[in-house]
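These numbers come from the heavy atoms of this one structure, side chains and all, not from hydrogens, waters or symmetry mates. Keep in mind it's a predicted model, so treat the numbers as computed, not measured.
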Amino acid sequence: VIVTWGHKFNAKLHMQTEVYYLWQFDAAKGGSCNYGPVESYGGGGGCGPIIPGRSEAVAATNYFNVEFSAKDYATIRLDYLNDVQGQRTGYATPYGTITAGWEHWLWSLAFLRGEVRYDDAFAASPYDNGTRATQTTLSLDLMVRF
């Protein structure tokens with residue numbers, strides 16, 4: 001079940017909120033199986049023990065977007081996921097994430113997107129092979145539409 005709500009405050013400021021309720025019966029802990037070995041830098045891996053019966057997760061995401069020019073906008077994104085039995089991530093814990101991003105259009109079919117993201121697992125340590133409860137990611141993408 002997914003509920004989505006968007007609101008345009010004015011020509012340069014808008015937001016979108018999504019709320020999810022997900023469930024699965026007899027799920028593998030950690031999600032779908034990977035084919036081949038799980039890499040030390042990867043997460044999840046699936047093929048974990050089967051969780052009998054119903055597994056569920058609740059999540060919410062909010063995007064807040066500000067347009068600064070015809071070619072530039074910034075985004076603040078807040079995420080929450082409660083992986084109740086660990087069927088999605090392999091760890092039964094709530095997660096929170098905050099992401100700040102900037103997008104710059106180079107031309108009509110290509111743009112650069114930079115982000116800094118902070119993740120926090122509130123009741124487990126799922127990052128760095130189970131040794132940390134938080135992580136920070138800095139990324140830069142070049143997107144080309146075709």
Side-chain angles (χ1 to χ4, degrees), residues 1-24 27-48 51 54-146:
V1 176
I2 300 171
V3 176
T4 303
W5 174 60
H7 186 78
K8 182 177 178 180
F9 296 99
N10 59 42
K12 299 203 178 273
L13 192 64
H14 64 277
M15 71 169 216
Q16 183 154 339
T17 302
E18 299 173 338
V19 178
Y20 303 83
Y21 177 71
L22 311 164
W23 69 92
Q24 184 175 351
K29 188 171 185 174
S32 300
C33 295
N34 284 337
Y35 294 104
V38 176
E39 301 293 340
S40 62
Y41 55 81
C47 292
I51 304 166
R54 182 183 178 121
S55 298
E56 60 188 5
V58 178
T61 300
N62 177 266
Y63 297 87
F64 188 77
N65 301 302
V66 181
E67 181 182 327
F68 289 98
S69 73
K71 292 188 173 191
D72 294 282
Y73 76 86
T75 300
I76 299 292
R77 176 179 166 165
L78 302 172
D79 297 287
Y80 173 80
L81 167 65
N82 187 2
D83 191 357
V84 179
Q85 290 86 10
Q87 64 113 349
R88 298 198 43 88
T89 66
Y91 292 86
T93 183
Y95 296 83
T97 303
I98 184 166
T99 306
W102 186 274
E103 187 168 300
H104 174 73
W105 285 85
L106 302 169
W107 63 89
S108 64
L109 298 177
F111 61 89
L112 285 172
R113 180 182 65 190
E115 292 183 344
V116 61
R117 173 181 167 141
Y118 176 76
D119 296 278
D120 193 349
F122 303 139
S125 296
Y127 305 115
D128 287 342
N129 294 318
T131 62
R132 296 185 53 188
T134 64
Q135 71 176 2
T136 303
T137 307
L138 180 63
S139 63
L140 180 65
D141 302 321
L142 170 64
M143 304 289 220
V144 179
R145 297 170 62 179
F146 58 92

Student: Do L78 and Y63 come close enough that some side-chain heavy atom pair is under 4.5 Å?
Tutor: no

Student: Short question: side chain of T93, backbone of A123 - any donor-acceptor pair under 3.5 Å?
Tutor: yes

Student: Go through it in stages, so that I can follow the logic: the residues are T136 and R117, the test is side chain to side chain contact (heavy atoms under 4.5 Å, CB included), and I'd like the CA-CA distance, side-chain angles, deciding distance and then a yes or no.
Tutor: CA-CA 6 Å; T136 303; R117 173 181 167 141; over 6 Å; no

Student: Measure the spacing between CZ of R54 and CD of Q24 and express it to the nearest 0.5 Å.
Tutor: 11.5 Å

Student: Tell me the closest heavy-atom pair linking P126 and Y91, and the distance in Å.
Tutor: CB-CD1, 3.3 Å

Student: Apply the test side-chain hydrogen bond (donor to acceptor under 3.5 Å, both in side chains) to residues Y95 and T89: give CA-CA distance (whole Å), side-chain angles for both, the deciding distance (0.1 Å), then the verdict.
Tutor: CA-CA 10 Å; Y95 296 83; T89 66; 2.8 Å; yes

Student: Do N10 side-chain atoms and K12 backbone N/O form a donor-acceptor pair below 3.5 Å?
Tutor: yes

Student: CG/N65 to CD1/I76 distance, rounded to the nearest 0.5 angstrom?
Tutor: 9.5 Å

Student: How long is the straight-line distance from CD of E115 back to OG1 of T75, given to the nearest 0.5 Å?
Tutor: 8.0 Å

Student: In Å and rounded to the nearest 0.5 Å, what is the NZ to OG distance from K71 to S108?
Tutor: 9.5 Å

Student: Just do the side chain to side chain contact (heavy atoms under 4.5 Å, CB included) check on W23 and V1 with the steps written out, would you?
Tutor: CA-CA 9 Å; W23 69 92; V1 176; 3.9 Å; yes

Student: Mind checking whether W105 and F111 have parallel, tilted or perpendicular rings, split at 30° and 60°?
Tutor: tilted

Student: May I ask you to test the D72-E67 pair for a side-chain heavy-atom distance under 4.5 Å?
Tutor: no

Student: When you measure from the side chain of D128 to the backbone N and O of T131, does any donor-acceptor pair fall under 3.5 Å?
Tutor: no

Student: Nearest 0.5 angstrom please: K29 NZ to S55 OG, how far?
Tutor: 10.0 Å

Student: Check the pair Y73 / W102 against side chain to side chain contact (heavy atoms under 4.5 Å, CB included), numbers first and verdict last.
Tutor: CA-CA 6 Å; Y73 76 86; W102 186 274; over 6 Å; no

Student: Is the backbone N or O of A57 less than 3.5 Å from a side-chain atom of N82, with the two atoms forming a donor-acceptor pair by type?
Tutor: no

Student: Applying salt bridge (Lys or Arg N to Asp or Glu O under 4.0 Å), run through R88 and D83 and close with a yes or a no.
Tutor: CA-CA 6 Å; R88 298 198 43 88; D83 191 357; over 6 Å; no

Student: Can you check side chain to side chain contact (heavy atoms under 4.5 Å, CB included) on T97 and Y80, steps first, answer last?
Tutor: CA-CA 7 Å; T97 303; Y80 173 80; over 6 Å; no

Student: With sequence neighbours excluded, tell me which residues meet side chain to side chain donor-acceptor pair (under 3.5 Å) with T137.
Tutor: none

Student: Given D120 and T134, is the side-chain hydrogen bond (donor to acceptor under 3.5 Å, both in side chains) satisfied, shown in steps?
Tutor: CA-CA 4 Å; D120 193 349; T134 64; 5.9 Å; no

Student: Where does the angle between the aromatic ring planes of H7 and F9 fall among parallel (under 30°), tilted (30 to 60°) and perpendicular (over 60°)?
Tutor: perpendicular

Student: If I take atom CG from residue L142 and atom CG from residue L112, how far apart are they, to the nearest 0.5 angstrom?
Tutor: 5.5 Å

Student: Other residues, nucleotides and ligands only: do more than 12 of their heavy atoms fall within 6.0 Å of NZ on K8?
Tutor: no

Student: Taking the side chain as every heavy atom from C-beta outward, state whether W5 and Q16 have any pair of such atoms under 4.5 Å apart.
Tutor: no

Student: Looking at A74 and F68, what are the two nearest heavy atoms and their distance?
Tutor: CB-CE1, 3.6 Å

